[in-house]
Amino acid sequence: MSFNSPFTGNVIQPTDVSYSRITLTTDLQLTWPISGTTADDAAARIMEVSTASSAHELWMPPANQASVGQDALIRNVGAVSVTVKDYTGASTIVTIAAGEAQYIYITTNATTAGTWGIIAYGIGSSGADAATLAGYGLLAIGQTLNQSQPVTTFSSNYTALAADRSSTYVWTGGAGTLTLSLASTLADNWFMFLRNSGTGALTVTGTSGDLVNGSASIALQPADSCIIVCSGTQFYTVGLGRNTQFAFTQLSKAVTSGSYTLTASEASNVIQKYTGTLTGNVTIVVPSTVQVYYIVNATSGAFTVTISTGAGATAVLTTGTQATLVCDSVNLFNANTILAGSSNISLNNGLVGAPSLNFASETTTGIYRASSGEFNHAILGVLRSTLSATGLAIVGTGNFTGGVAGGTF
């Protein structure tokens, strides 16, 4: 490239080059057009640049050799993004996408790297740079801004942030918690989309007393979904969708001994029947979610079936018994009660190690029926008395502080 005076035809030292067309085949270090060089490395006021590889970069001249305000309009006329760096190559001034133009200028020139300002010219001669304008919830497609709800799946506890505005979060784990950042931080009109596609209850809670629908927290059951919006002081849900499928189905599962963890498909059966000949005690682990179960223990053998979430209170069923269980996502409670107006209640026979009428804190102590015509009493799984038509038989010694009277001894 030569710089000639239009009046004399002689080579002069120029102070400005208006236009340059550059094709990058490697990194190119530009110079200011002040040395009379004839190489094609002068920084022009308008540069059209193209490259076949994003690895090829354009480096600006030393900022301390020019005045603040020295500028350049760089347009990418190729199909690959062009990276423009400062003189040192350590910092990127701007990355220009294919078809876009960026206007850069020096704001401080104390060092060779300097500080550069940027004005986005966008695509073509007058289009806005949608990528620069796009914020949370917006997506740049060409020169237009489009609504965006990116989907994120998560299976461990998470805290929703300001950057999650307009995002969709899908829960895929068991029981968990989504914590909302301070409402004052998220501010009025922040919102997110939420769905529970997991197997357990997802608790949504505020921070530092912020309320959700007027409560400290809400629980989304599997298949529930909603939009969470912030007023700047608290949170509300819009369109909280509840799973409305009420069909009753039955699970029939053969067990022998050990622990069985139900799959999401198995646990979706409200009625569950367990069969098989037990060779040891069995534990059935159900999901940590709010649910009601109707359990039938149709197994045989002198062992028990325990229903558990893996934590909290459990329910123990002996052979041939049934129970209606209520799960609060942690504990299981036996909901069987005497109905209003009933004059009697029937118990299953039970076993010496699992009396049919026992205590929650000591299930091996209570009463049971060992055989026809007997009323048996067990302490810690040991038979202590049998009451039958022939009388009372006590196992062990007796201590009668008030004496014994009547009959023949």
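- Judged purely by atom type and a 3.5 angstrom limit, Thr107 has no side-chain atom pairing as donor or acceptor with the backbone of Val68.
- A heavy-atom distance below 4.5 Å is found between the side chains of Leu58 and Leu24.
- The closest side-chain heavy-atom distance from Thr275 to Val296 is not below 4.5 Å.
- A donor and an acceptor atom, one from each side chain of Asn213 and Ser215, are nowhere located under 3.5 Å apart.
- Side-chain contact of Tyr294 with Asn269: a donor-acceptor pair under 3.5 Å is absent, judged by distance alone.
- With 3.5 Å as the limit, one finds no donor-acceptor pair spanning the side chains of Thr363 and Asn358.
- With 3.5 Å as the limit, one finds a donor-acceptor pair spanning the side chains of His56 and Thr51.
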Quiz item: Given the rule in the side chain to side chain contact (heavy atoms under 4.5 Å, CB included) test, do Leu178 and Leu194 qualify, once you have shown the distances and angles that lead to the verdict?
Solution: CA-CA 10 Å; Leu178 174 72; Leu194 182 64; 3.7 Å; yes
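- Proximity of a side-chain donor or acceptor of Thr309 to a complementary backbone N or O of Ala311 within less than 3.5 Å is detected.
- Around the OH atom of Tyr293, the shell of radius 6.0 Å holds more than 12 heavy atoms that belong to other residues, nucleotides or ligands.
- Side-chain contact of Thr283 with Ser259: a donor-acceptor pair under 3.5 Å is absent, judged by distance alone.
- For the pair Cys226 and Leu220, the tightest heavy-atom approach, listed with the atom from each and the gap, is SG-CD2, 4.1 Å.
- Minimum heavy-atom separation, Pro33 to Ala43: CD-O, 3.9 Å.
- Of the N and O atoms on the side chains of Thr277 and Ser300, at least one donor lies less than 3.5 Å from an acceptor on the other residue.
- Atom-to-atom distance recorded for Ile106:CD1 and Gln65:CD is 10.0 Å, nearest 0.5 angstrom.
- Between Gln322 and Ile295, the closest side-chain pair of non-hydrogen atoms is not below 4.5 Å.
- Nearest heavy atoms, Val352 versus Val382: CG2-C, 3.8 Å.
- The main-chain N or O of Thr321 is never found under 3.5 Å from a side-chain atom of Asn297 such that the two would form a donor-acceptor pair.
- Using a 4.5 Å heavy-atom threshold, the side chains of Thr159 and Ser181 count as touching.
- Under the ring pair (Phe, Tyr, Trp, His ring centres under 6.0 Å) criterion, Phe154 pairs with Tyr169, Trp171, sequence neighbours left out.
- When only modelled atom types and interatomic distance are considered, Ser308 and Thr306 share no side-chain donor-acceptor pair under 3.5 Å.
- Electrostatic pairing of Arg195 and Asp224 does not count as a salt bridge here, judged by no charged N lying under 4.0 Å from a carboxylate O.
- Using modelled atom types, one side-chain atom of Asn157 and one backbone atom of Thr177 make a donor-acceptor pair closer than 3.5 Å.
- In this structure a side-chain-to-backbone donor-acceptor pair under 3.5 Å is missing from Thr237 to Leu240.
- One distance of note links CE of Met47 with CD1 of Ile104; it measures 6.0 Å at 0.5 Å rounding.
- If you take CG on Asn376 and OG1 on Thr386, they are separated by 4.0 Å, rounding to the nearest 0.5 Å.
- Between Asn331 and Ala313 the shortest heavy-atom distance is OD1-N, 2.7 Å.
- Checking Ser167 against Gln149 by side-chain atom types alone, no donor-acceptor pair falls below 3.5 Å.
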- request: Step by step, work out the side chain to side chain contact (heavy atoms under 4.5 Å, CB included) result for Tyr158 and Asp164.
  value: CA-CA 11 Å; Tyr158 179 71; Asp164 294 318; 2.8 Å; yes
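- Contact check on Glu374 versus Arg369 returns no salt bridge, with no Lys/Arg side-chain nitrogen under 4.0 Å from an Asp/Glu carboxylate oxygen.
- The main-chain N or O of Gly301 is found under 3.5 Å from a side-chain atom of Thr319 such that the two form a donor-acceptor pair.
- Nearest heavy atom pair, residue Gln102 against residue Ala120, reads OE1-CA, 3.2 Å.
- In plain terms, the two heavy atoms of Thr299 and Leu278 that are nearest each other are OG1-CD1, 3.5 Å.
- A donor atom on one side chain and an acceptor atom on the other are not found under 3.5 Å apart for Tyr87 and Ser91.
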| Does the side chain to side chain contact (heavy atoms under 4.5 Å, CB included) test come out yes or no for Val229 and Val238, once each step is laid out? | CA-CA 8 Å; Val229 295; Val238 177; 4.2 Å; yes
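- Side chains of Arg45 and Ser20: a donor-acceptor N/O pair is absent below 3.5 angstrom, by distance only.
- Judged by distance alone, the side chains of Asn189 and Arg165 do bring a donor and an acceptor atom under 3.5 Å apart.
- Using a 4.5 Å cut-off on side-chain heavy atoms (C-beta onward), Gln234 and Val212 make no contact.
- When each of Thr205, Leu180, Thr179 is paired with Ser217, the side chain to side chain contact (heavy atoms under 4.5 Å, CB included) condition holds for Thr205 and for no other.
- The aromatic rings of Tyr103 and Tyr105 sit tilted relative to each other, their planes meeting at an angle between 30° and 60°.
- Rounding to the nearest 0.5 angstrom, the gap separating the CG atom in Leu392 from the CZ atom in Phe375 is 10.5 Å.
- Under a 3.5 Å cut-off, the side chain of Asp328 and the backbone N or O of Leu332 do not form any donor-acceptor pair.
- Distance check: Asp27 CG to Lys85 NZ gives 8.0 Å after rounding to the nearest 0.5 Å.
- Distance check: Asn196 CG to Leu202 CG gives 5.5 Å after rounding to the nearest 0.5 Å.
- Side chains of Thr365 and Glu362: a donor-acceptor N/O pair is present below 3.5 angstrom, by distance only.
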Check against side chain to side chain contact (heavy atoms under 4.5 Å, CB included), Thr318 and Phe303: CA-CA 7 Å; Thr318 56; Phe303 298 97; over 6 Å; no
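- Between the side chain of Glu266 and the backbone N or O of Leu251, no donor-acceptor pair lies under 3.5 Å.
- Side-chain contact between Tyr19 and Glu48: present, with at least one pair of heavy atoms (C-beta onward) separated by less than 4.5 Å.
- Side-chain contact of Asn64 with Thr112: a donor-acceptor pair under 3.5 Å is absent, judged by distance alone.
- Residues Thr289 and Pro222 meet the side-chain proximity criterion, which asks for heavy atoms closer than 4.5 Å.
- Residues Tyr274 and Val282 are not in side-chain contact: their nearest non-hydrogen atoms beyond the backbone lie 4.5 Å or more apart.
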